[in-house]
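All ligand and atom numbering here is 1-based and tracks the order in the structure.
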Amino acid sequence: HKVVFSGIQPTGIAHLGNYLGALRQWVTLQNESDPSTTLIYSLVDLHAITLRQPPAQLRQWKRESLAMLLAIGLDPKRSTIFHQSTVPAHAELMWILSCQASTGYLGRMTQWKDKTSGEKEGSEKLKLGLFSYPVLQAADVLVHGATHVPVGEDQAQHLEFAREVARGFNHVYGDGRVALVEPETIISSAKRVMSLTDPEAKMSKSHPNPKSRILLTDSAEEIRSKINTAVTDSITGVSYDPVQRPGVSNLVDILYHCTQGAGFEDQAALAKDLDGSSLRAVKRRVSDAVESQLRPIRERYQEIINNAQLLDDASTQGTQKATISANATLAKVKQAIGLT
Ligand code: TYM
């Protein structure tokens, strides 16, 4: 039985990296999977509070993120869409797994090292939730018995950790009555969309410069303006070389992925075809391609963001379905451990 699970933090409107790297695959999996496949997508609000968020802001973001999942084409009748905190089994399994997880492994996680490398104040300022973030992520996946997890490349390490936790748990408690499923990571071909202003870093919600990312709600004008100011280089012509020419290559990547390859075998072939066009013309093509991808999403989003009934129904329905799925695993786990 195939179970697809993935999550996104409700910390603002999703950007093009989230979409090409993950969300678009969620929709494809929904639309192309066999009816027997279970699809579960979570707005991971408990992960969102590992960094401090103003409460009113978080509430608004949760709503906007839910509307966005519907706007991209997820259907709440087919896919289970829910806010993580409404299904307590996630947090409960997390505690159980954290009695299993190694602190050494957690300390080596890239995200922890990146977020803490700037901290000069020392461990007083570092929050335990940020450290144990991957344990909650493992619980998200394992509590639903996910077999496939579609994500961008930056999540691969977290899912490797989830498999390790599952193996460890099964080793200790697996006696035939319970076996946590080791999930497979599905990484999309657009696995790492880069920042427009700093193309050596990935596009992210938290970068201080809003021009570094394209939001799924950006207008045609905003898209054009952000692409126009995207950092490139002074080398003549167009070529695909992510190491030497990260900015230009990122634009080629974006064009490639927004046009389903544009009829070319790979990005290098597309770049070759673009060579000879001015950078201005290339940027125009990129803007047009992004706008064509995002226009339907933006329009649908505007239609539903103020439809409280639709949003409430979707999330209530999602919570009900996710609760059933999660509680089934949690009950077996508690039994195996001797808690029940
Ligand atoms: P989050 O909210 O940072 O990102 C959501 C998804 O978008 C992908 N992504 C990108 N892909 C390509 N290029 C980029 N620049 C880019 N930026 C983000 C991410 O890889 C992700 O797939 N910890 C997760 C949320 C999570 C989760 C889970 C995911 C919690 N529990 C269980 C899978 C399974 C996160 O913070 O994603």
Side-chain angles (χ1 to χ4, degrees), residues 3-27 29 39-51 53 61-62 64-65 68-69 72 82-85 87 90-91 93-94 97 109-112 114-115 129-130 132-163 165-166 181-207 212-216 242 246 250 253-254 257-258 322 326:
V3 180
V4 174
F5 180 93
S6 198
I8 183 168
Q9 294 196 53
T11 45
I13 297 283
H15 54 67
L16 190 64
N18 297 131
Y19 184 65
L20 297 176
L23 303 181
R24 190 165 71 168
Q25 282 209 93
W26 299 10
V27 181
L29 282 162
L39 303 137
I40 309 175
Y41 299 120
S42 186
L43 296 156
V44 292
D45 49 0
L46 295 175
H47 279 112
I49 60 167
T50 50
L51 297 178
Q53 316 290 356
W61 277 341
K62 287 181 56 168
E64 290 174 351
S65 304
M68 189 51 82
L69 293 191
I72 61 172
F82 72 107
H83 296 288
Q84 183 190 36
S85 66
V87 180
H90 285 244
L93 182 62
M94 182 219 174
L97 297 179
M109 304 294 277
T110 314
Q111 182 174 301
W112 168 253
D114 287 354
K115 287 216 168 116
L130 192 60
S132 56
Y133 182 111
V135 187
L136 180 57
Q137 181 158 349
D140 292 341
V141 170
L142 302 177
V143 84
H144 293 288
T147 56
H148 295 83
V149 185
V151 286
E153 188 177 54
D154 60 342
Q155 298 303 316
Q157 195 182 37
H158 287 159
L159 295 170
E160 184 56 52
F161 174 79
R163 286 190 286 273
V165 169
V181 179
E182 285 184 43
E184 196 180 304
T185 307
I186 317 179
I187 307 245
S188 80
S189 57
K191 55 185 194 273
R192 194 168 157 87
V193 177
M194 307 308 279
S195 154
L196 297 175
T197 52
D198 176 12
E200 271 157 289
K202 70 176 182 200
M203 186 177 285
S204 89
K205 280 186 196 146
S206 54
H207 193 283
S212 67
R213 60 187 162 263
I214 292 172
L215 302 183
L216 301 191
N250 190 37
D253 266 328
I254 291 173
H257 292 297
C258 285

For [atom], what is the nearest protein heavy atom, given as residue, atom name and distance?
atom                    : result
atom 24 (C) of ligand 1 : Q155 OE1, 3.3 Å
atom 7 (O) of ligand 1  : N18 ND2, 3.1 Å
atom 10 (C) of ligand 1 : G17 O, 3.4 Å
atom 13 (N) of ligand 1 : V193 N, 2.9 Å
atom 1 (P) of ligand 1  : Q9 N, 4.2 Å
atom 31 (N) of ligand 1 : D140 OD2, 2.7 Å
atom 25 (C) of ligand 1 : G7 O, 3.6 Å
atom 19 (C) of ligand 1 : D154 OD1, 3.3 Å

Atom pair [atom1] ([X]) and [atom2] ([Y]), whose distance is rounded to the nearest 0.5 Å:
X    : Y    : atom1 : atom2 : result
C258 : I214 : SG    : CD1   : 8.0 Å
I49  : T11  : CD1   : OG1   : 12.5 Å
S65  : I13  : OG    : CD1   : 6.5 Å
H15  : L196 : NE2   : CG    : 10.5 Å
R163 : L142 : CZ    : CG    : 10.5 Å

> Is the shortest distance from a heavy atom of M194 to ligand 1 less than 4.0 Å?
Replying inline: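 Flag not set, M194 not near ligand 1.
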> Contact between S195 and ligand 1, counting heavy atoms under 4.0 Å?
Replying inline: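 No; S195 lies far enough from ligand 1 that no heavy-atom distance drops under 4.0 Å.
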Report yes if some N/O of [X] lies less than 3.5 Å from some N/O of ligand 1; otherwise report no.
X    : answer
A22  : no
M203 : yes
G152 : yes
K205 : no

Atoms in ligand 1 with a heavy atom of [X] nearer than 4.0 Å:
X    : answer
K191 : 11 (N), 12 (C), 13 (N)
R192 : 12 (C), 13 (N)
A190 : 12 (C)
H15  : 17 (N)
V141 : 32 (C), 34 (C)
V149 : 33 (C), 34 (C)
Y133 : 23 (N), 24 (C), 35 (C), 36 (O)
H47  : 30 (C), 31 (N)

> Y41 vs W26 aromatic rings, parallel, tilted or perpendicular, using cut-offs 30° and 60°?
Replying inline: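 Ring orientation of Y41 relative to W26: parallel.
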Tell me whether [X] contacts the main-chain N or O of [Y] through its side chain, where contact means a donor paired with an acceptor under 3.5 Å.
X    : Y    : result
T185 : E160 : no
D45  : S85  : yes
E182 : A166 : no

> Do the charged groups of K202 and D154 touch, with an N to O distance under 4.0 Å?
Replying inline: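 A salt bridge links K202 with D154.
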>> My understanding is that only one of Q137, H47, Q84, H144 makes a side chain to side chain donor-acceptor pair (under 3.5 Å) with H90; could you say which?
In response: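 Only one option passes, and that is H144.
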> Would T197 and R213 satisfy side-chain hydrogen bond (donor to acceptor under 3.5 Å, both in side chains), going step by step from the backbone distance to the final call?
Replying inline: CA-CA 8 Å; T197 52; R213 60 187 162 263; over 6 Å; no
> Should we say atom NZ of K205 is surrounded by more than 12 heavy atoms from elsewhere, each under 6.0 Å from it?
Replying inline: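 Enclosed: over 12 neighbouring heavy atoms sit under 6.0 Å from NZ of K205.
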